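Written out below as structure tokens is the structure these notes cover.
Order of the sequence lines sets the chain letters (A, B, ...), proteins ahead of strands, with each chain counted from 1. Side chains are part of it too, since the values below use all heavy atoms of this structure and drop only hydrogens, waters and symmetry mates. Predicted model, so just to flag it, every value in this text is computed and none were measured.
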Amino acid sequence: MSVRVRFAPSPTGYLHVGGLRTALYNYLFAKHHGGKCVLRIEDTDRTRFVENAQENLISSLRWAGIEFDESPEVGGDYGPYIQSERFDLYKKYGKELVENGSAYYAFDTSEELDAMRERQQKAGIPPKYDRTVMRNEFTLGKEETERLIAEGVDYVVRLKVPTTEDIRFSDLIRGEVVVNGKDVDDQILLKSDGFPTYHLANVVDDHLMAISHVIRGEEWLPSTPKHVLLYKAFGWECPTFAHLPLLLNKDKTKLSKRQGSVAVEDFREQGYFKEAFVNFVALLGWNPTADREIFDMQELIDNFNLEKVNKSGAVFDVQKLEWMNAQYVKTLPLDYMTDMLMPEMAKYDFNNVSKEYLAKVIDLFKERITFLKQIPVFANYMFEKPTEYEEEYLQKHWKENTKEIMLPLVEKFKAIDDWTHDATYGATKEYVEANNMKLKDVIHPIRLMVTGKSVGAGMFETMEILGKKESIERLEFFLNSQK
RNA sequence: GGUCCUAUAGACUAACGGUUAGGUCACCAGCCUUUCACGCUGGCAGUAGGGGUUCAAAUCCCCUUAGGAUCACCA
């Protein structure tokens, strides 16, 4: 049987990190097995419609490098891929279940249901639809039911859950799961507005779309028995289930907005590389070897298998994400990073920076930053003359005789034709040795004069990239400003 | 509360009955050094508890404890 998996988000605004991981695992699984990965939009809740949510979702997924073989955008043989466009289907299948006795009509108002739950709560029994006392096909009788429907009274269709039977299914990650029918609620399948609930729609669609593996978050585990019952009621074969462990906050609760960023777009904005982000998220709950941390998308695909997915939830640790991003800054192609950073430079009013120059600066600083966008801030002096000089640094390294010491060195610099790291370094070394000083005695003053800051990249590399003219100008400007 | 799921250091994880319980982040120390980093070396720190099964248990079973998910005409 060929592998067909789906990612089925509801368009509620943005792509959640947990959603990205679910999508990613589906994608990796499909690609690993040469199967198909389908995107299906689950928008059966009309009250939760959000403008542009679908576009947003797709753009975040695309950013991460996840493309679908079938989706609302690219189409496919099993469309439409938006549930609200499959409306008639669900109604038809819902009716089929009523006819074969697996489901039934019910007429209770939400007030009546609330009252029922309240009674149950008071009695200390778990809230669950009681089909023996509520207003439905069983209590009202067939004739009355037909009359009410003909009259146009609002009704819902509920799943008739067997009251004592064990419902069992096997999960690729959890193993065998058994739940007794007495603990499963008579789930509403078709709402009074005629729309299906998630449970009906997802089963009908997964079957019709020939989905082989349902890979989704663990929060769906408790409702899976209902889905199993539905497959049975239709006489369909169940797909293979795989319930992924949850992504957690620091306090181990389900990863939520309240405790930091959860939208993929936020991380993108914060400056994380998609390569680092995908790498990091992939390793949350799954690990192929444990002796290695860095994987690109193809390597993830090659190594992925569901059997190695963990059972327990994983805390989303930003600290490690940052480390991973720093790893990528060091190794991603210079061209790629330069193209990425180029458009950002204008935001800092660095307008006349050439691509070649920026590439050199990135190369010089990539060992000491976590985010690419730190460059214009951390290395601002590579793009403008120092606007100020760190007071503390100045106090520490500019003594009354420093000017005298620096003057001849600057003259030596001026005589250099081939302005390279080696040349300036050699000249400096020669000078300090001749004068019985240490390299650090002059490097700090040079750093101060050229950059204005106490921290930065190697001093001679910095000057090489700055160029002779610029470096000398800065040195002389500073010397002239000192008495 | 009912049901279900889970349990290796602060965090992510390796081990698929036999290892001095391994790796990564973070943290600490040292080295490197031209500041800050990177890098390198070392260190701190773990099988939740209790019973079984077995020659042998982190690993299999049971109980306890703890955490989580879920209990809507939301997905």
ask   = OP1, OP2 of B:rU34 versus side-chain N and O of A:R368: anything below 4.0 Å?
value = no
task = Identify whether any heavy atom of A:R292 sits under 4.0 Å from a base atom; if not, whether one sits that close to sugar-phosphate; answer base, sugar-phosphate or nothing.
result = nothing
inquiry  = For A:Q327 and A:V179, find the nucleotide of RNA chain B closest to each by heavy atoms; which residue's nucleotide sits nearer the 5' end?
reply    = A:V179
remark   = Of A:I188 and A:G124, the one whose nearest nucleotide on RNA chain B sits closer to the 5' end is A:G124
ask   = Tell me: NZ of A:K191 to C1' of B:rC74, nearest whole Å?
value = 7 Å
request  = Identify which nucleotide among B:rU13, B:rG39, B:rA11 has an atom closest to any side-chain atom of A:N310, counting heavy atoms from C-beta outward.
outcome  = B:rU13
query = How is A:K453 classified with respect to the nucleic acid when contacts are heavy atoms under 4.0 Å: base, sugar-phosphate, or nothing?
reply = nothing
Ring centres under 6.0 angstrom apart (A:Y155, A:Y105) = yes
request  = Anything under 30° is parallel, anything over 60° is perpendicular, the rest tilted; go ahead and classify A:F378 against A:F365.
outcome  = perpendicular
request  = Let me see the working for A:K91 and A:D88 under salt bridge (charged side-chain N to carboxylate O under 4.0 Å, His left out), right down to the final yes or no.
outcome  = CA-CA 5 Å; A:K91 206 150 196 179; A:D88 295 338; over 6 Å; no
query = Is the phosphate of B:rA15, meaning OP1 or OP2, less than 4.0 Å from a side-chain N or O of A:K308?
reply = yes
ask   = Distance between the P atoms of B:rU65 and B:rG49, in whole angstroms?
value = 16 Å
inquiry  = Could you tell me how far B:rC28 sits from B:rA9 if I compare only their C1' atoms? Round to whole Å.
reply    = 15 Å
inquiry  = Parallel, tilted or perpendicular, judged at 30° and 60°: which one describes the rings of A:F295 and A:W286?
reply    = tilted
task = Please tell me which of the listed nucleotides, B:rU34, B:rC12, B:rA14, lies nearest to the side chain of A:N287?
result = B:rA14
inquiry  = Measuring from the side chain of A:S192 (C-beta onward, heavy atoms only), which nucleotide among B:rU35, B:rC4, B:rC73 has the closest atom?
reply    = B:rC73
request  = Check whether any side-chain nitrogen or oxygen of A:R48 sits under 4.0 Å from OP1 or OP2 of B:rA75, and answer yes or no.
outcome  = no
key: Gap in Å between the two C1' atoms, one belonging to B:rC36 and one to B:rC12, rounded   = 28 Å
query = Should the ring pair A:Y25 and A:F304 be called parallel, tilted or perpendicular, given that the plane angle runs from 0 to 90° and is split at 30 and 60?
reply = tilted
ask   = Of the candidate nucleotides B:rG39, B:rG68, B:rU6, which contains the atom at the shortest distance from the side chain of A:S312?
value = B:rU6
ask   = OP1 or OP2 of B:rA66 sitting under 4.0 Å from any side-chain N/O of A:K252?
value = no
request  = Pick the C1' atom in B:rC27 and in B:rG10, then give their distance to the nearest Å.
outcome  = 9 Å
inquiry  = Which residue is it: A:D441, A:L439, A:I405, A:I443? I am looking for the one with a side chain to side chain contact (heavy atoms under 4.5 Å, CB included) to A:V432.
reply    = A:L439
task = Could you tell me the separation between the CH2 atom of A:W323 and the P atom of B:rU13, rounded to a whole number of Å?
result = 15 Å
ask   = So what does A:V156 touch, heavy atoms closer than 4.0 Å: a base, only the sugar-phosphate, or nothing?
value = base
task = Between B:rG2 and B:rC63, how far apart are the P atoms? Round to whole Å, please.
result = 15 Å
note = From the candidates B:rA72, B:rA69, B:rU35, the one with an atom nearest any side-chain atom of A:D185 is B:rA72
message = I want to verify a distance call: between B:rU34, B:rC74, B:rU6, whose nearest atom is closest to the A:T197 side chain?
response = B:rC74
message = For A:F169 and A:F241, take the angle between the two ring planes, folded into 0 to 90°, and tell me which bin it lands in: parallel under 30, tilted 30 to 60, perpendicular over 60.
response = perpendicular
query = Considering only the P atoms, how many Å lie between B:rA29 and B:rC44, rounded to the nearest integer?
reply = 15 Å
task = Output the single nucleotide from B:rU35, B:rU70, B:rC74 whose closest atom is nearest the side chain of A:R447.
result = B:rU35
request  = Whole angstrom is fine here: how far is it from CE in A:M116 over to C1' in B:rA72?
outcome  = 11 Å
key: Gap in Å between the two C1' atoms, one belonging to B:rC32 and one to B:rA26, rounded   = 22 Å
message = Of the options B:rA75, B:rC5, B:rA37, whose atoms approach the side-chain atoms of A:E367 most closely?
response = B:rA37
task = Among B:rA37, B:rA75, B:rU24, find the nucleotide with the atom closest to the side chain of A:W220.
result = B:rA75
key: Nearest listed nucleotide, side chain of A:Q319, among B:rG23, B:rC25, B:rU3   = B:rC25
query = In Watson-Crick or G-U wobble terms, both distances under 3.5 Å, what is the partner of B:rA7?
reply = B:rU65
message = Measuring only the C1' atom in each nucleotide, how far is B:rC62 from B:rU24? A whole number of Å is fine.
response = 35 Å
